[in-house]
> 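Below is the structure I would like to discuss, written out as structure tokens.
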Amino acid sequence: MSRRKKKKSILKSRFYQVYFALVLLALIAIAIGTVWLNGVLRDYESAQPVYVAEDVAKLFEDSDFDALYALDTSAQQVSEGDKAFYVDNMNDIVAGKEVAWSEAYSSDADVRKYNVTVGGERFASFTLVHSGETTKRGNPLWTLGSVTTNVVIQKPEPTVEPTPTPEPERPLRQCRITVPKGYTVTVDGVALNEENAQLSEKNLFEDGFLPEDVANPVMVDYQYATDSEAPAVAVTDDMGDAIEAEQSKDRELTWTCSLRGNENYHLQYGDAAYKLGQQVAKYISKDAKKTKIMKACAKDSPAAEIFKNLDNEFATPHSRVSFRNERTLDFFVLSDRCFTCRVCFDYVLNTSKGEMVYPTDYTFCVIRGDDGAKLYNILIS
């Protein structure tokens, strides 16, 4: 029987020992190289500008215009320094629209350019530049260079209120109010005085009409310029009581306020004054005797002199006389012994040609003495 020869293990073979050692070293080298290469790739990848670009683009995607305001090189021009205006209007522009971005061509290898579109239209651009720093393996890092929006926001023109058309100025018109001295006059609430009105004074009666020892009442004439078409005139007397001023029917914006009449004198002497007026009218028309009218006059008075020299020979021939619309008024007491009054009526003469009517207005100055009330003077209007 032959003996079989035992095989020798390859692990004991020098060849295989060297072979496996080399394979193991190669695997270790591959592993180390792979780790090194992965590190190199990761370092290179981390330095790519796209990641910085994504961070900038996200500001647009998130409509973070509050942050973009500080970065946007055109913000000052767009908003004139008004941040709130910038943010509000940028939000209005992008509202509801798709925001996209992409890299654009750059002729400079050290500058990367990107465009941002809103709703498919160009909205902004930004650039990346080298920051001056590198990774651990020397790859240059990128940073934001600039952001520029490409929109024009028109600030609304300030609302200009239309200038109201001024009402045409009303022409000034002169008011004229005549009152006794010491009375107060207001027009539309304005008290008249020397500073705002023209004042002039005049005696109520002509010189010589009253006895020398009786003071002549003074009337003050106010002339006041007003633009009112219907000015409100108010008068108060020297006692503070309201007095009604009479507006002229013939002269526009003219008022007169006479002295306050004495009602007691009116009651006491009214009838006598009217009868005296009748006597004067009849004497003038040659229907009364001179002796009767002279008896009614005070001795050596201006009235006596008037009737003494009055020539009534030219009176209109008539058959009968009558009186209509009789009135007695304005009984002004000027002193203890002197007063004035007016007697008014229509004096009618019946002539061959019919009635002749004479509107008559007498102002009497009467003095009282021991022999009663006598006519001192007369004014025929």
Side-chain angles (χ1 to χ4, degrees), residues 176-185 200-222 233-251 254-284 293 296-298 301-303 306-307 323-347 357-369 372-381:
R176 184 172 182 176
I177 308 102
T178 305
V179 300
K181 189 173 183 177
Y183 283 28
T184 300
V185 178
S200 60
E201 296 184 356
K202 183 180 180 181
N203 289 336
L204 178 60
F205 300 109
E206 295 181 359
D207 292 343
F209 182 75
L210 302 177
E212 293 182 358
D213 60 344
V214 176
N216 199 338
V218 177
M219 302 296 288
V220 181
D221 183 67
Y222 293 86
V233 175
V235 179
T236 55
D237 65 12
D238 50 2
M239 301 298 291
D241 295 327
I243 304 294
E244 184 176 359
E246 182 179 357
Q247 187 170 9
S248 173
K249 296 179 181 179
D250 301 325
R251 295 182 180 180
T254 300
W255 289 262
T256 302
C257 185
S258 61
L259 291 173
R260 185 185 290 275
N262 189 301
E263 188 61 27
N264 291 331
Y265 271 60
H266 195 174
L267 292 173
Q268 184 176 356
Y269 296 103
D271 289 342
Y274 175 60
K275 290 179 180 178
L276 178 59
Q278 287 182 319
Q279 290 181 22
V280 172
K282 287 181 177 181
Y283 177 70
I284 294 174
I293 194 66
C297 295
S301 65
I306 289 172
F307 292 117
F323 299 88
R324 300 174 186 169
N325 303 319
E326 305 90 344
R327 289 183 303 150
T328 55
L329 65 160
D330 293 347
F331 281 75
F332 302 144
V333 178
L334 306 182
S335 73
D336 292 342
R337 71 181 194 91
C338 178
F339 69 90
T340 61
C341 65
R342 286 175 58 202
V343 177
C344 305
F345 49 78
D346 290 334
Y347 190 40
V357 180
Y358 296 91
T360 303
D361 188 339
Y362 297 147
T363 298
F364 295 150
C365 175
V366 180
I367 56 175
R368 299 187 305 163
K374 297 290 184 177
L375 181 63
Y376 177 81
N377 211 339
I378 182 172
L379 177 64
I380 302 175
S381 303

> Within the 4.5 Å heavy-atom criterion, are Ile306 and Asn377 side-chain neighbours or not?
yes
> Under the criterion side chain to side chain contact (heavy atoms under 4.5 Å, CB included), I'd like the reasoning laid out for Val280 against Phe307: C-alpha separation, chi angles, the key distance, then a yes or no.
CA-CA 9 Å; Val280 172; Phe307 292 117; 3.7 Å; yes
> Can you see which heavy atom on Ala281 is nearest to which on Tyr362, and at what distance?
CA-OH, 3.5 Å
> Using a distance-only test with no angle check, is there a side-chain donor-acceptor pair under 3.5 angstrom linking Gln279 and Tyr283?
no
> For the atom pair NZ (Lys181) and CG (Leu259), what is the distance rounded to the nearest 0.5 Å?
13.5 Å
> Side-chain contact, heavy-atom cut-off 4.5 Å: Val220 with Tyr183?
no
> First locate atom OH of Tyr269, then atom OG1 of Thr328, and finally report the distance between them rounded to the nearest 0.5 Å.
14.0 Å
> Taking the inter-plane angle between the rings of Tyr347 and Phe345 on a 0 to 90° scale, is it parallel (under 30°), tilted (30 to 60°) or perpendicular (over 60°)?
perpendicular
> Taking the side chain as C-beta and beyond, is there a heavy-atom pair between Cys365 and Pro211 under 4.5 Å?
yes
> Among pairs that include at least one residue of residues 235-248, which meet side-chain hydrogen bond (donor to acceptor under 3.5 Å, both in side chains), considering only residues two or more places apart or in two chains?
Asp237-Arg260
> Compare all side-chain heavy atoms of Leu210 with those of Thr340 and state whether any distance is below 4.5 angstrom.
yes
> Quick one: are Pro217 and Leu334 in side-chain contact, heavy atoms under 4.5 Å?
yes
> If every non-hydrogen atom of Ser258 is compared with every non-hydrogen atom of Phe332, which pair is closest and at what distance?
CB-CZ, 3.9 Å
> Should the heavy atoms of other residues, nucleotides or ligands under 6.0 Å from CG of Asp271 be counted, would the total exceed 12?
no
> Minimum heavy-atom separation for Phe205 to Asn216, with atom names?
O-ND2, 2.7 Å
> Kindly assign one of parallel, tilted or perpendicular to the pair Phe331 and His266, based on the angle between their ring planes and the thresholds 30° and 60°.
parallel
> So, for Pro180 and Cys257, which heavy atoms are closest and what is the spacing to 0.1 Å?
CD-O, 3.1 Å
> Roughly how far apart are Lys374 NZ and Arg337 CZ, rounded to 0.5 Å?
14.5 Å
> Hey, what do you get for CD (Glu326) to OG1 (Thr360), rounding to the nearest 0.5 Å?
11.0 Å
> Please round to the nearest 0.5 Å and tell me the distance separating atom OH of Tyr222 and atom OG of Ser200.
10.0 Å
> Please report the closest heavy-atom contact between Phe209 and Thr363, naming both atoms and the distance.
CZ-O, 3.7 Å
> What are the two closest heavy atoms between Arg368 and Asp336, and how far apart are they?
NH2-O, 2.7 Å
> Just so I know, are the side chains of Val343 and Leu276 near enough to count as touching, which here means a heavy-atom distance under 4.5 Å?
no
> What's the spacing between Thr256 OG1 and Met219 CE if we round to 0.5 Å?
7.0 Å
> With side chains defined as the heavy atoms from C-beta onward, is the minimum distance between Cys344 and Leu329 less than 4.5 Å?
yes
> Are Cys341 and Asp330 packed together at the side-chain level, in the sense that at least one heavy-atom pair is separated by less than 4.5 angstrom?
no
> Between Leu375 and Ser301, does a side chain to side chain contact (heavy atoms under 4.5 Å, CB included) hold up when you go through it step by step?
CA-CA 8 Å; Leu375 181 63; Ser301 65; over 6 Å; no
